[in-house]
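Each remark here refers to the structure printed beneath this line.
Keep in mind the model is a prediction, meaning the values are calculated, not measured. Quick note on labels: first sequence line is chain A, next is B, and so on, each numbered from 1.
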There are 2 protein chains.
Amino acid sequence: MAIRNADAERVRNTSFFRDADDETFNTAINGAFLQRFPANTTLLMEGDTVDFLYILLEGSVELGAGWKSKDTTLAILRPVSTFILAAVVLESDALMSAVTLERSEILMVPGDSLRRGMKENAAFGFAVSEELAGCYRGLVRSIKNHKLRDSTERLANYLLTQRARQGGKDEIVLPHEKRVLAALLGMTPENLSRAFSKLSDKGVSVDGARVGFSNVTVLERLARPSPLIDNHYAQDRNTLGKAYTERQQGVLDQG
Amino acid sequence: MAIRNADAERVRNTSFFRDADDETFNTAINGAFLQRFPANTTLLMEGDTVDFLYILLEGSVELGAGWKSKDTTLAILRPVSTFILAAVVLESDALMSAVTLERSEILMVPGDSLRRGMKENAAFGFAVSEELAGCYRGLVRSIKNHKLRDSTERLANYLLTQRARQGGKDEIVLPHEKRVLAALLGMTPENLSRAFSKLSDKGVSVDGARVGFSNVTVLERLARPSPLIDNHYAQDRNTLGKAYTERQQGVLDQG
DNA sequence: CGCGCCATTGAAACCCATCAAGCGCGGTGG
DNA sequence: CCACCGCGCTTGATGGGTTTCAATGGCGCG
């Protein structure tokens, strides 16, 4: 096998391979290999033929798309996430481009192997369906987030989600540069600055990558987080028995 | 079986059941029943527990979502389309509400049966994965459409897509009321009117539901349709051998 | 006939992007 | 050590796209 056992085990324990038996797992990752990429490397461009399923093990990756000289960020991924699974299942072209934001380690699984595993083992195929369904629902959440909330509301909810994921303390550290965060939230860096200053009324203070909260109640009154849009609860679910209920790769990974 | 044979055959021939063997098909739709709904009936609200996969056989259905007294339309479905498949696979709550726009016939398939069929037959499970992947890609296209194009460009591309689907003639008939169309395209009815008048420069004339084209070339120069966003080619693909390459239920069904 | 709903048009307000300039900080090189 | 530069972040001014509010006209239907 072309990948180290440690990597294989890591993938297996943190992705939809979790419940596969050994035989199916080996079928599905047959020919897979681990690759390291520097920052700002284009892994895939829109329209490219997709031969591999990508599994991000280390680093971070931005999924984006362009049209007529405009570009937009669709998602930012952190480990462990799969991407372009849908294109692999359909043997189709990529609808998004993928670029590393940092030095990254990515496991590349041949599409043929994955599809063969799905067709030979119904339980594994079902696990892939669950992953796809989770991705789908992540996108639905993202669309709702963008169409129903303005930029300040999106930022407020993002901050509350981060706070929950970082332990609920009154200070968090932003996991991305502000300009990357702005792209993720669907706005310009300028407007992210302005959104932060609008939130100073609500007890939000910013110092570099550190963000402090002095009045979460009033911030929540503005943000009105909703389990039908935000994913505060994903972590809880993952720590419970159930495997991948919506560990979405999707937009607003907010990782 | 609680549904007529004619209905069963129709579902079977036009959805992801197409390639299933008889035994799997019967397992997957066990307990299914056909139901008729009048217009403007709420089938499902956001947050509801999802017990059934819905398959729209006749009529049309709007998928939408709300937050803080705002509402948005995410998709408009026409026959034959499945919906809330992702929630069924994950045994999860609905992220969107579903409302009939006209009198509709809907086949309701128990989620248990569908999941059992997927787990018992890998080929069927793979077909469901293909359907989910197509839905996912439909959403990706929709997000790109909304984030990369302004409202006039979205309308122009919608019209070109309709024209292609209606046979490429120089007159089409809009399949929805204009206010429904506006919601589908992510704008207000007022702006749809203004967008139409901006397109009169490009040879687009409107008379009620009939839209005429006198200069498709210049309209295409504005619209710049792209196979990575629009779905002009879905029909061609469907008439070719391949089963469901992206017959998306998704947003911008544009049916 | 008249009521209601849809579509259209205009005016004002809002959100956001763009353009432009300035600030702060870290790294480099003199 | 310090001047300089680059880059990310911020702040202000301007403009464009879109929503909202309001008013009007058209059409179907009771």
Side-chain angles (χ1 to χ4, degrees), chain A residues 39-40 62 64 66-73 76 101-102 143 145-159 173-201 204-212 222-223, chain B residues 39-40 62 66-73 76 101-102 145-159 173-201 204-212 222-223:
Chain A
N40 299 313
E62 179 192 275
W67 180 77
K68 251 192 185 183
S69 82
K70 295 179 83 159
D71 283 284
T72 189
T73 296
I76 293 171
L101 291 174
E102 329 162 26
I143 296 177
N145 191 44
H146 281 270
K147 290 182 78 170
L148 294 169
R149 310 214 262 226
D150 68 24
S151 61
T152 307
E153 290 166 337
R154 290 199 296 276
L155 174 60
N157 279 289
Y158 174 84
L159 293 175
V173 177
L174 299 176
H176 310 287
E177 280 183 4
K178 289 211 184 76
R179 55 192 212 78
V180 174
L181 178 57
L184 178 62
L185 293 174
M187 52 184 158
T188 58
E190 293 95 321
N191 269 331
L192 178 60
S193 278
R194 288 187 256 268
F196 268 121
S197 51
K198 278 186 200 167
L199 292 183
S200 64
D201 300 37
V204 175
S205 55
V206 187
D207 176 25
R210 297 205 322 274
V211 177
L222 168 75
Chain B
N40 299 312
E62 178 191 276
W67 180 76
K68 249 193 189 184
S69 81
K70 294 179 84 158
D71 281 284
T72 190
T73 296
I76 292 172
L101 292 175
E102 331 162 24
N145 191 43
H146 280 271
K147 289 182 78 170
L148 294 170
R149 310 215 262 226
D150 67 21
S151 62
T152 307
E153 291 166 336
R154 291 199 297 276
L155 175 60
N157 279 289
Y158 174 84
L159 293 175
V173 176
L174 299 175
H176 309 288
E177 278 183 5
K178 289 211 185 76
R179 56 189 207 78
V180 174
L181 178 56
L184 179 62
L185 293 175
M187 50 184 152
T188 59
E190 293 94 320
N191 268 335
L192 179 60
S193 279
R194 289 187 257 266
F196 268 121
S197 50
K198 279 185 200 168
L199 292 183
S200 63
D201 298 37
V204 174
S205 55
V206 187
D207 176 26
R210 297 206 318 275
V211 177
L222 168 75

Requested in this report: Return no unless some side-chain N or O of Lys178(A) is found under 4.0 Å from OP1 or OP2 of dT10(D).
Outcome: yes
Report task. For Arg210(A) and Val173(A), work out which heavy atoms get closest and say how close. Result -> CG-CG2, 4.4 Å
Query raised in the report: Does Asn191(A) have a side-chain nitrogen or oxygen under 4.0 Å from the phosphate oxygens OP1 or OP2 of dC15(C)?
Result: no
Query raised in the report: To the nearest Å, how far apart are Asp71(B) CG and dT19(D) C1'?
Result: 15 Å
Query - Spacing of CZ belonging to Arg154(B) relative to CE belonging to Met187(B), to within rounding of 0.5 Å - result: 6.0 Å
Query raised in the report: Can you tell me how far P of dT18(D) sits from CD of Glu153(B), to the nearest Å?
Result: 9 Å
Report task. Begin with the C-alpha distance, continue with both residues' side-chain angles, and end with the deciding distance and a verdict on side-chain contact (heavy atoms from CB on, under 4.5 Å) for Thr152(A) and Leu222(A). Result -> CA-CA 9 Å; Thr152(A) 307; Leu222(A) 168 75; 4.3 Å; yes
Query raised in the report: Side chain of Arg194(B), base of dG10(C): donor and acceptor closer than 3.5 Å?
Result: yes
Query raised in the report: Between atom CG in Leu185(B) and atom P in dT18(D), what is the gap in whole Å?
Result: 12 Å
Requested in this report: Answer with base, sugar-phosphate or nothing: what part of the nucleic acid does Ser151(B) contact at a heavy-atom distance below 4.0 Å?
Outcome: sugar-phosphate
Report summary line: Leu148(A) atom CG is separated from dC15(C) atom P, nearest whole Å, by 16 Å
Query raised in the report: When you check the phosphate oxygens OP1 and OP2 of dT9(C), does a side-chain N or O of Ser193(B) lie under 4.0 Å from one of them?
Result: no
Query - No-H, no-angle donor-acceptor pair, Arg149(B) side chain to dT18(D) base, under 3.5 Å - result: no
**Report entry** Selected nucleotide, minimal atom distance to Glu190(A) side chain, candidates dA22(D), dA20(C), dA13(D)
**Finding:** dA20(C)
Report task. Would you indicate which nucleotide in dC16(C), dA17(C), dT18(D) comes nearest to any side-chain atom of Asp150(B)? Result -> dT18(D)
Query raised in the report: For Lys70(B) and dT19(D), what is the distance between atoms NZ and P respectively, to the nearest whole Å?
Result: 9 Å
**Report entry** Verdict with supporting geometry, Val206(A) and Lys178(A), side-chain contact (heavy atoms from CB on, under 4.5 Å)
**Finding:** CA-CA 11 Å; Val206(A) 187; Lys178(A) 289 211 184 76; 3.9 Å; yes
Query raised in the report: How is Gly208(B) classified with respect to the nucleic acid when contacts are heavy atoms under 4.0 Å: base, sugar-phosphate, or nothing?
Result: nothing
Report summary line: Separation of dC9(D) atom C1' from Met187(A) atom CE, nearest Å, is 14 Å
Report task. Apply side-chain contact (heavy atoms from CB on, under 4.5 Å) to the pair Leu148(A) and Ile143(A), showing each step before the final yes or no. Result -> CA-CA 8 Å; Leu148(A) 294 169; Ile143(A) 296 177; over 6 Å; no
Report summary line: Whole-Å distance, Asp207(B) CG to dT8(C) P, equals 10 Å
Query raised in the report: Whole Å only: how far is the CZ atom of Arg179(B) from the P atom of dT20(D)?
Result: 15 Å
